[in-house]
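Reviewing the structure listed below.
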Amino acid sequence: MCRAVRLARLEGMKPQTLSRTAPQSRPPTPGAGADHGPGLATDQADSAGRATDTVIDVRGLTKTYGDRSVIRGLDLSVSRGEIFGILGPNGAGKTTTVEAIQGLRRVDAGHLRVLGLDPFRDRQRLRSQVGSQLQSSSLPERLRVGEALRTFARLAGDVVDWREALDTWGLTSLRRSAFGGLSGGERQRLFIALALVNDPQVVFLDELTQGLDPAARRETWALIRQIRDRGATVVLVSHYMDEVEQLADRAAVLHDGRITACDTPANLVALADGAVRTRFTLRAGEHPGRLDQLPGVVLVAREGRRTEVVGDRTTPVLVAAELARVGILPEDLTVVRPSLEDVFVQLTSGEVAA
Amino acid sequence: MTAVTRPTASRPVSPLRALLTMTGMEARLLTREWAPMLFAFVFPPMMMLVLAGVFASDNGPEFLGLNGTDYYIAAYLAVPISAMTLIGLPVALAGYRERGVLRRLSASGQSQLTVIGAQVLVTALLVVLGAGLVLAVAAPVYGLPPVDDLAGVVGAFALGAGMLLTLGVALGLAVGTARSAQALGLLLFMPMWLLGGGGPPPGVMTGPMQTIADFLPLTPVTTAVRDAWLGSGDLGEPLLLTAAWLAGGLVLVAALRRRRARE
């Protein structure tokens, strides 16, 4: 079960994230937008006035392909203004889930609501509120960037000025470039611009950074934050742990058609029962004393002057204090904590992680 | 308790405007991707030039009593229909699905019908241009025979184009890749062209050839166009056959769309 985020818990667990999550007030769209809708008036709000209403509500989602069960009674809930990550190994059902939520794939059973609408029955109505970047989707090779934005803006009812969108997403210089000649990062920038061309309230991004080099990935991360800062809710499907750890306010780990864990990345990492490793190099003549006597330490390993202390989450601080106490100030002290990847592997053990 | 927010309004664009927008985009793309269509443009006038010249002095029973040149000029007016609809359209449609363009458009709320409609409109324009090219090449070289029934020619051409466009869409929906569409499209085009009016006249075909020709969808189209143009026969039967192929094609397209929607 993965219900909507409770702000009190967020405030306690991840204050730095909370400050990021407060979206700017969404500019009012005449005759449209939930900000004027009946739902928001009754919604809860945090001390900063941020609404905590649910924009995506999924219960008991089930999907089979032939006799292969892909999604088995999946529940999840996404709140307004958050970046919600969906993690999972290849074949876990991530893409099927987000495509079903968008009404692009039929489901066998389950209750689905996006902005209070049924994605299948109200698909056309919902389309104007949802932006989407689908995995393995493309554009005609010879279509130029400016033409793509102009065409998609027109199809969306010209609610966004396509020239401004070019400018916002750094595409003005590429306006006359053909899609086929764009780099991976440039294509993703264009896909983001196209996903936002209808000024959506919810944006789905499926494996947006797949195949990008590290610099282009980080550039894309900044764009994703920019989407959220403009007031949209973002559902981010990824198999990159660092991406979800960096961007998501909450994340769900999907395995075998079900959600096996759903929480803030920090809380998910805390689920890992892995050890924390503190590593440093001693200079000649330095003797750090009995580090193995420190609370929580389970092992002190030495290889030449390299030392590794294995312990729990408080061990690095205690080790550093002990070293300082005896006058040892190593310049290369590093701490290796369990990562989201460790949790992911534990939660999805038995499967080959993507 | 959390509440689910309901949008108060949507901003749909009308289907006609969406179709025109998509058609505009497709037409622009076509001006940049004309190379794959070169064969469909060049082949019919080239074959017409050769055959109408070779059989210029023939007017025997094998040509149903018609002059060989007139026979081929009239028949080749309809050949570009099959070239454009079976070689160009299915490749474009299957290519869009294969490369995820249909998914991208579908995610933006565009119905597959809009995309198909735009491809059909652009191909229809190519069909008219292709037929115009045949006339433009024939007129100065051989001269155009007088038209007996202009409305009949236009009607048979339009009905035939509609039917073969439908079959082209069906082929584009049926196959998974642009390569398969190209291979199958050529495979369907060649016998249609050869036995359906663009090759040997009916009078010299063997029995089995004639039987195969009778079952090819291009045959009633070339027959109806030729008979209306040269006044060489009754249009009723070929037009009825063309309409039957059109109905069959529409059923096939509906079934294939349903199958694709279930995926």
Side-chain angles (χ1 to χ4, degrees), chain A residues 3-4 29 31-34 36-40 42-44 51-55 57 77 79-80 102 104-106 113 115-117 123-130 132-143 147-148 151-152 154-159 178 191 194-195 197-198 201 204, chain B residues 1-36 91-93 95-115 118-119 122 178 258-263:
Chain A
R3 308 311 304 169
T29 307
H36 307 287
L40 200 59
T42 58
D43 292 336
Q44 295 176 335
T52 62
D53 53 328
T54 302
V55 292
D57 188 26
S77 180
S79 299
R80 175 170 298 279
Q102 295 175 73
L104 297 171
R105 227 172 257 267
R106 288 187 183 280
R113 287 291 178 275
L115 296 162
L117 297 172
R123 187 171 160 193
Q124 282 309 317
R125 210 173 148 213
L126 191 61
R127 289 264 47 104
S128 60
Q129 312 290 331
V130 168
S132 184
Q133 179 272 327
L134 298 173
Q135 198 182 3
S136 326
S137 70
S138 184
L139 288 171
E141 294 282 304
R142 304 279 178 108
L143 189 66
E147 289 170 346
T151 303
F152 278 74
R154 195 166 293 165
L155 292 172
D158 283 324
V159 291
F191 283 146
L194 294 179
V197 87
N198 57 340
Q201 296 187 50
F204 293 89
Chain B
M1 176 69 190
T2 56
V4 171
T5 304
R6 185 177 286 275
T8 52
S10 59
R11 301 157 290 205
V13 61
S14 76
L16 181 64
R17 189 166 181 224
L19 178 64
L20 291 177
T21 304
M22 285 297 301
T23 307
M25 184 186 92
E26 290 296 334
R28 259 195 309 277
L29 287 174
L30 199 71
T31 60
R32 296 169 204 155
E33 300 218 46
W34 48 267
V91 174
L93 206 52
Y96 268 18
R97 187 183 325 97
E98 185 183 7
R99 295 187 50 250
V101 177
L102 285 184
R103 277 161 57 78
R104 185 71 205 71
L105 289 163
S106 162
S108 301
Q110 292 316 306
S111 154
Q112 200 188 54
L113 270 183
T114 311
V115 185
Q119 300 259 9
V122 169
R258 231 188 342 265
R259 195 187 83 183
R260 291 287 178 198
R262 278 201 300 271
E263 288 174 354

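To find a chain, count down the sequence lines: A is the first, B the second, and so on, and within it residues start at 1. Worth saying up front: this structure is predicted, and the values here are computed from it rather than measured.
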Item to check | Pairwise distance OG(B/Ser106) to CZ(A/Arg123) - rounded to 0.5 angstrom | outcome: 4.5 Å
Item to check | Proximal component of B/Arg99, with respect to chain A [non-hydrogen, under 4.5 Å] | outcome: both
Item to check | Part of A/Gln133 lying under 4.5 Å from any heavy atom of chain B | outcome: neither
Checklist entry - How many angstroms lie between atom CG of B/Leu105 and atom CG of A/Leu194, to the nearest 0.5 angstrom? => result 9.5 Å
Item to check | Proximal component of A/Phe204, with respect to chain B [non-hydrogen, under 4.5 Å] | outcome: neither
Next on the checklist: Please report the interatomic distance CZ(B/Arg103) to OG(A/Ser138), rounded to the nearest 0.5 Å.
Outcome noted: 11.0 Å
Next on the checklist: For A/Thr151 and B/Arg28: C-alpha separation, side-chain torsions, deciding distance, then whether side-chain contact (heavy atoms from CB on, under 4.5 Å) applies.
Outcome noted: CA-CA 12 Å; A/Thr151 303; B/Arg28 259 195 309 277; 4.0 Å; yes
